[in-house]
Amino acid sequence: MYLIRAEAAAQLNKGDAARADLNIVRKRAGLADATAQSTEELIDAILKERRIEFAHEGLYWYDLRRLNRVSTIGIT
């Protein structure tokens, strides 16, 4: 839920809230805080974290489709 809320906050240009939620997940995993500043960087960091957190659950494809980023993986 933290990553969903982080993405929503990033989309609403609430970078501090998005970064705070993202860092909660990262701290639980023993990682350093995210350094992303812009909305695009935050979305990229959140997607990366979702890809790692939900590996093998098949959610990455839906994330890419939802954000119109399917072309970034070479599918036309």
Enclosure of R66 CZ (heavy-atom neighbours >12, cutoff 6.0 Å):
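Enclosed.
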Please say whether more than 12 non-hydrogen atoms of neighbouring residues, nucleotides or ligands are located less than 6.0 Å from OH in Y2.
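No - once you tally the heavy atoms of other residues, nucleotides and ligands closer than 6.0 Å, there are 12 at most.
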Just by modelled atom types, is the A34 backbone N or O under 3.5 Å from a matching donor or acceptor in the N23 side chain?
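Side chain of N23 to backbone of A34: a pair is present.
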Hydrophobic clustering (ILVMFWY, side-chain heavy atoms < 4.5 Å, transitive) - are L59 and V25 grouped together?
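V25 clusters together with L59.
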Same apolar cluster: Y60 and V70, side chain cutoff 4.5 Å:
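In one cluster: yes.
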Could you pull out every donor-acceptor pair under 3.5 Å between side chains of residues 42-49 and any protein atom, sequence neighbours left out?
{"unit_1": "D44", "atom_1": "OD1", "unit_2": "R69", "atom_2": "NH1", "d": "2.5"}
{"unit_1": "D44", "atom_1": "OD1", "unit_2": "R69", "atom_2": "NH2", "d": "3.4"}
{"unit_1": "E49", "atom_1": "OE1", "unit_2": "R26", "atom_2": "NH1", "d": "3.1"}

For A17 against A9, the heavy-atom pair lying closest together:
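In terms of heavy atoms, the two residues are closest at CB-CB, 4.1 Å.
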Please assess R19 against T35 for the test side chain to side chain contact (heavy atoms under 4.5 Å, CB included), listing each intermediate value before the final yes or no.
CA-CA 8 Å; R19 207 170 5 273; T35 59; over 6 Å; no
Carefully, step by step, assess E7 and D21 under the rule side chain to side chain contact (heavy atoms under 4.5 Å, CB included).
CA-CA 9 Å; E7 184 180 336; D21 284 339; over 6 Å; no
Return the set of residues passing side chain to side chain donor-acceptor pair (under 3.5 Å) with E53 (not counting sequence neighbours), or none when no residue passes.
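For E53 the side chain to side chain donor-acceptor pair (under 3.5 Å) partners, ignoring immediate neighbours, are R28.
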So, taking the atom named CD in Q11 and the one named OG1 in T39, what distance separates them when rounded to the nearest 0.5 Å?
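Answer rounded to 0.5 Å: 8.0 Å.
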For F54 and L3, run side chain to side chain contact (heavy atoms under 4.5 Å, CB included): C-alpha distance rounded to whole Å, both residues' side-chain angles, the deciding distance at 0.1 Å, then the answer.
CA-CA 11 Å; F54 302 116; L3 293 175; 4.3 Å; yes
